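Starting from 1, each residue takes its place in the sequence as its number. Values in this document were obtained by computation on a predicted structure and should not be read as measured data.
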Amino acid sequence: MKTKSLYQAFSGVALIGILFMGFQNCDRAKFSKTGDDDLLSGLGGPIVCDPFTTPGGCGGGPPPPGGLLGNVYYYPQGQLVQDYIDFGKRLNVRVLMSKLDVPERAWTAGFSLPNGNVLADDLNQPLIEWFAMDLQGFLEIPPPIVPGDYQFAFSSDDGAILDIDGQTILNHDGHHPTQWKCATTKVTLAAGQKYKIRVRYFQGPRYYIALRLLWRAWSQRSRPCNDTTGGLEIVPAAALSH
């Protein structure tokens, strides 16, 4: 009886170990961490430059080094931007935004590809709603902008989230019309230093769209949070790279 009990105990431990190793292998097979290299390689699809202002891809050549590069996701009825990334369909296209300066506008053109086609949704209609962009790259203070402490702001329709060096600086997520929101977290930017930047944005129901990323000196944070007063300026293209 004792020998049988020891055998049963050993068999149980061995079985648990085998199952554990099997689950580990399944995890590795099914899931992978998305890093910077994944954005550069993407899924082998075309790159669309500034789709909300300059349709038609990037002129057939490699994308310029400036701007933020990211993947596009489709998820009908998504409520938060991370829902699109976690549960949506990652499309076979990448987008390059030279800067984030898209004032509120009606947008019905869709993502025009270099071959003349337009990116379609599941109903084979131009993709103009229920999509997200996960943009990544680097932020660096360009001369003659003075280094120091900065406050960032979004004007967006719908949700947008700003991360710098892995920290969420500004969360303006969810469904809403074009609204302004200023960060309450100070960001200190030094000259000659690159910071990892990530902007997650989603467009819910059609037709209006907006995505603007702005900054100002932290000392001006008590002034109104909008684009007409208070010193806010668009983060320039020269500050963004990938």
Side-chain angles (χ1 to χ4, degrees), residues 29-64 67-137 154-161 172-179 198-213 242:
K30 290 181 180 178
F31 304 106
S32 61
K33 182 178 180 182
T34 300
D36 296 336
D37 291 342
D38 292 325
L39 285 176
L40 296 177
S41 61
L43 297 178
I47 296 176
V48 179
C49 293
D50 297 317
F52 309 117
T53 55
T54 311
C58 299
L68 302 182
L69 182 65
N71 297 312
V72 181
Y73 298 83
Y74 174 58
Y75 186 55
Q77 307 301 316
Q79 299 298 308
L80 299 171
V81 66
Q82 194 60 38
D83 292 343
Y84 289 80
I85 298 169
D86 290 340
F87 308 116
K89 179 193 297 184
R90 180 177 163 186
L91 302 180
N92 189 27
V93 68
R94 288 165 291 162
V95 63
L96 177 65
M97 299 290 289
S98 57
K99 62 179 178 178
L100 303 182
D101 185 14
V102 184
E104 182 185 274
R105 68 186 62 176
W107 188 64
T108 59
F111 293 83
S112 299
L113 304 176
N115 62 5
N117 294 332
V118 177
L119 198 62
D121 60 20
D122 283 347
L123 300 177
N124 204 31
Q125 299 297 312
L127 182 64
I128 61 173
E129 60 181 348
W130 307 117
F131 68 85
M133 302 186 302
D134 187 3
L135 304 166
Q136 299 186 43
F154 272 133
S155 170
S156 69
D157 175 1
D158 287 282
I161 299 176
H172 194 27
D173 207 356
H175 285 276
H176 52 75
T178 302
Q179 292 178 351
R198 182 184 187 189
V199 174
R200 287 166 284 171
Y201 165 77
F202 83 90
Q203 158 70 344
R206 62 182 72 184
Y207 289 95
Y208 283 87
I209 195 168
L211 177 60
R212 307 183 82 189
L213 177 63
H242 61 271

Residues Gly67 and Leu96: closest non-hydrogen pair is C-CD1, 3.9 Å
So Asp157 and Gln203, do their side chains get closer than 4.5 Å, heavy atoms only? yes
Sequence neighbours excluded, every pair satisfying salt bridge (charged side-chain N to carboxylate O under 4.0 Å, His left out) that has a member inside residues 106-115: none
Could you work out, with side-chain hydrogen bond (donor to acceptor under 3.5 Å, both in side chains) as the rule, every residue matching Arg105, not counting sequence neighbours? none
Mind listing the closest non-hydrogen atom pair of Tyr201 and Ser156 along with its distance? CE1-CB, 4.4 Å
Please report the C-alpha distance between Val48 and Ser112 in whole Å, then the side-chain angles of each, then the deciding distance to 0.1 Å, and finally whether the side chain to side chain contact (heavy atoms under 4.5 Å, CB included) criterion is met. CA-CA 7 Å; Val48 179; Ser112 299; 6.0 Å; no
For the residue pair Leu123 and Asp121, what are the closest heavy atoms and their distance? N-OD1, 2.9 Å
Only counting residues at least two apart or in another chain, list the ones meeting side chain to side chain contact (heavy atoms under 4.5 Å, CB included) with Leu80. Asp83, Asp173
Partner residues of Thr108 under the side chain to side chain contact (heavy atoms under 4.5 Å, CB included) criterion, sequence neighbours left out: Tyr207
Once rounded to the nearest 0.5 Å, what's the spacing between atom CG of Asp134 and atom CZ of Arg90? 9.0 Å
Check side-chain hydrogen bond (donor to acceptor under 3.5 Å, both in side chains) between Arg212 and all other residues, then give those that pass, not counting sequence neighbours. Asp101, Asp227
Any donor and acceptor pair, going by atom type alone, linking the side chain of His242 with main-chain N or O of Leu68 inside 3.5 Å? no
Here the gap from Leu69 atom CG to Ile47 atom CD1, rounded to the nearest 0.5 Å, amounts to 5.5 Å
Partner residues of Asp122 under the side-chain hydrogen bond (donor to acceptor under 3.5 Å, both in side chains) criterion, sequence neighbours left out: Lys89
Could you check whether any side-chain heavy atom of Leu100 comes within less than 4.5 Å of a side-chain heavy atom of Leu135, counting everything from C-beta outward? yes
Hey, mind stepping through Leu91 and Tyr73 against side chain to side chain contact (heavy atoms under 4.5 Å, CB included) and telling me if it holds? CA-CA 6 Å; Leu91 302 180; Tyr73 298 83; over 6 Å; no
Checking Tyr75 now: which residues fulfil ring pair (Phe, Tyr, Trp, His ring centres under 6.0 Å) with it, not counting sequence neighbours? Tyr84
Sorted by chain and number, sequence neighbours left out, side-chain hydrogen bond (donor to acceptor under 3.5 Å, both in side chains) with Gln82 holds for Asp86, Arg200
Supply the atom-to-atom distance Leu211 CG to Phe52 CZ, rounded to the nearest 0.5 angstrom. 7.5 Å
For a side chain to side chain contact (heavy atoms under 4.5 Å, CB included) check, start with the C-alpha distance between Met133 and Asn71, then their side-chain angles and the critical distance, and finish with the verdict. CA-CA 6 Å; Met133 302 186 302; Asn71 297 312; over 6 Å; no
Closest heavy-atom contact between Val118 and Pro126? CG1-CB, 3.9 Å
Residue pair Ala132 / Val81: nearest heavy atoms and the distance that separates them: CB-CG2, 4.2 Å
By ring pair (Phe, Tyr, Trp, His ring centres under 6.0 Å), which residues pair with Phe131, not counting sequence neighbours? Trp107, Phe111
Counterpart residues, side chain to side chain contact (heavy atoms under 4.5 Å, CB included), relative to Pro205 (two or more places apart): Glu129, Trp130, Asp158, His175
Measure the spacing between OG1 of Thr178 and NE2 of His176 and express it to the nearest 0.5 Å. 8.5 Å
